[in-house]
2 protein chains.
Amino acid sequence: MVTTSNKSERVPSANLNRRVERSRHAVLTTAFELLSEGGVASFSVDEVARRSGVAKTTIYRHWPTREALVIDACSRMIAEQETPDTGSLEGDVTAILVEIAHLLPTANWSFVLPSIIDTAERNPEFAEIHSRIQRGHAAPLREVLQRAIGRGELSAYTDVSTIVAALLGPLFYRRWFSREPIDEQFVKAIIKRVLASL
Amino acid sequence: MVTTSNKSERVPSANLNRRVERSRHAVLTTAFELLSEGGVASFSVDEVARRSGVAKTTIYRHWPTREALVIDACSRMIAEQETPDTGSLEGDVTAILVEIAHLLPTANWSFVLPSIIDTAERNPEFAEIHSRIQRGHAAPLREVLQRAIGRGELSAYTDVSTIVAALLGPLFYRRWFSREPIDEQFVKAIIKRVLASL
DNA sequence: AAGATACGCTACGGTATCGTATCGTTAATT
DNA sequence: AATTAACGATACGATACCGTAGCGTATCTT
């Protein structure tokens, strides 16, 4: 940036940022919470102002428009998951899917995701966000599959995308479509079927 | 409330119904169209009135509230699919999945479904509708699997629900989550994997 | 201590929507 | 032909939301 030297290009100081950050953080937290409850559709800046205690005028000083705030709040959902390394493909895949199965009924993002998908269906900005969230979910799985290919545990010609769909699809299906419980037995059954076919 | 005399029970005549049906039909058609475009969230009675040419007052004579109309329009999406009968399980499953794969990128309901799922996440009435739509999609698959069990082609202890999730999940995953194309090669790969494990 | 910066509060104007009321008109019933 | 039922047009009150303006206050910077 700029040196504080001769006259100045006014670098924002730490204290100043602390103040700005306080309201920014309060707003984003509330926004995310509101999003979890009602989805993108029922999200309103007025409500965020009411709940967070931050004045609406202040909110509009940080975000130019409602949509910008929603998008910013959505980005909070891009939660990278850690990639396990058990040594075997089956171990890795099991670890990942059990974790996801555990998160699906409870995690906040699982309530918001349909709303984002819906919005993404008609709004490119949300399509981009959805794409990032999606990649985040699939990333660990892709990695352990690639590693298995590296070890020679899988053929180098394996179609990773298909396997990912075959593994994640059934879980997501149960969470949002058939709304059946996702118990460990189910997860194991899916894994067994998919891996047996490789 | 007056009896029309001793004899008749004032059955609404055909002509009267014709008139009522005309507006009912116009409204429902427009409502469904509007739903396909913008989802449940952006659905408005005023817009239906504008597009359909039916006066808003008339709409409210038939549906007590906006939500009632939306729900009624959503019900139009419960499109039963026909169940094939090729003689073999693989033939039947292939026929069903290819058909779905063909519909997923184009059919109107595929644009609205995320919106319904989102709404269903917090609204019991929509949860019920979603459940019916869902059962409609899975029904043919369940049936051909049951038939296969009947023929002895599958073990009587096969968990049908798991197989359905394993087959439909990957397709839905690609349509709404990873947004990858669903070509015939992919469908065949999924079917092969799942059926090989039985 | 003095000036700059971010904030809170209240109040707008504008728009969209819901659901209702009123009243005149058209179509169907008898 | 007379009556009844459904419809259309307009207007309305109520509410919620967006985004902005004005102005005073608290906090930070120097």
Side-chain angles (χ1 to χ4, degrees), chain A residues 2-28 30-31 34-35 37-73 123, chain B residues 1-28 30-31 34-35 37-73 119 123:
Chain A
V2 175
T3 67
T4 5
S5 70
N6 41 13
K7 21 202 167 185
S8 73
E9 263 280 328
R10 271 219 180 295
V11 170
S13 81
N15 274 338
L16 190 145
N17 276 346
R18 221 171 273 152
R19 202 167 159 210
V20 171
E21 271 311 312
R22 200 199 311 264
S23 41
R24 270 190 58 90
H25 182 265
V27 169
L28 273 179
T30 306
L34 205 63
L35 215 51
E37 292 176 18
V40 175
S42 78
F43 181 93
S44 93
V45 178
D46 288 83
E47 183 62 21
V48 174
R50 272 190 291 270
R51 284 207 202 178
S52 66
V54 177
K56 195 165 69 156
T57 39
T58 301
I59 298 181
Y60 275 105
R61 279 175 193 123
H62 290 318
W63 291 272
T65 174
R66 176 199 112 116
E67 204 180 350
L69 177 54
V70 175
I71 288 178
D72 218 350
N123 180 326
Chain B
M1 200 36 104
V2 176
T3 66
T4 355
S5 86
N6 42 12
K7 34 191 170 180
S8 68
E9 264 276 330
R10 254 212 192 299
V11 170
S13 81
N15 274 338
L16 190 146
N17 278 346
R18 222 172 271 151
R19 200 167 160 210
V20 171
E21 273 311 312
R22 199 199 312 265
S23 41
R24 270 190 58 91
H25 182 265
V27 168
L28 274 178
T30 307
L34 206 62
L35 215 51
E37 291 176 19
V40 175
S42 78
F43 181 93
S44 93
V45 178
D46 289 83
E47 183 63 22
V48 173
R50 272 191 290 272
R51 287 208 201 177
S52 67
V54 177
K56 194 165 68 153
T57 38
T58 300
I59 298 182
Y60 275 104
R61 279 177 193 122
H62 290 318
W63 290 272
T65 174
R66 177 200 111 116
E67 204 180 350
L69 176 54
V70 176
I71 288 179
D72 218 351
T119 314
N123 181 324

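Residue numbering restarts at 1 for every chain, and letters A, B, ... go by the order of the sequence lines.
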To the nearest angstrom, the CG-P distance between Asp46(B) and dT20(C) comes to 13 Å
In whole angstrom, give the distance that lies between atom CD of Glu21(A) and atom C1' of dT5(C). 16 Å
Mark yes or no for a side-chain to base donor-acceptor pair under 3.5 Å between Lys56(A) and dG19(D), with no hydrogen or angle criteria applied. yes
Is there a side-chain contact between Val20(A) and Arg61(A) in this structure, where contact means two heavy atoms from C-beta onward sitting under 4.5 Å apart? no
Taking atom CZ of Arg22(B) as the centre, report whether more than 12 heavy atoms of other residues, nucleotides or ligands fall under 6.0 Å from it. no
Can you check whether His62(A) has a side-chain N or O nearer than 4.0 Å to OP1 or OP2 of dC7(C)? yes
Donor-acceptor pair under 3.5 Å, Arg61(A) side chain vs dG19(D) base: no
Take the protein atom CZ of Arg22(B) and the nucleotide atom P of dT26(C), then report the distance between them rounded to whole Å. 15 Å
By nearest-heavy-atom nucleotide on DNA chain D, the more 5' of Val54(B) and Thr57(A) is Val54(B)
Arg50(B) has an atom CZ; how far is it from atom C1' of dT17(C), in whole Å? 9 Å
Integer-rounded Å distance: dT10(C) P and Tyr60(A) OH: 18 Å
Which distance, rounded to the nearest 0.5 Å, do you find between the CD of Glu67(A) and the CZ of Phe43(A)? 11.0 Å
Do any N or O atoms from the side chain of Thr65(B) and from the backbone of Ala68(B) form a donor-acceptor pair under 3.5 angstrom? no
Of the listed dG8(D), dA6(D), dG19(D), the closest approach to the Ala55(B) side chain comes from dG8(D)
Atom CG of Leu34(A) to atom P of dC17(D): distance rounded to whole Å? 10 Å
Rounded interatomic separation in angstrom, taking CZ from Arg66(A) and P from dC17(D): 10 Å
Please report the shortest heavy-atom distance between Leu34(A) and Ser44(A), naming the atom on each side. CD2-O, 3.9 Å
Phosphate OP1/OP2 of dA6(C): any Thr58(A) side-chain N/O under 4.0 Å: no
Any N or O donor-acceptor pair linking the side chain of Arg19(B) to the base of dT26(C) at under 3.5 Å? yes
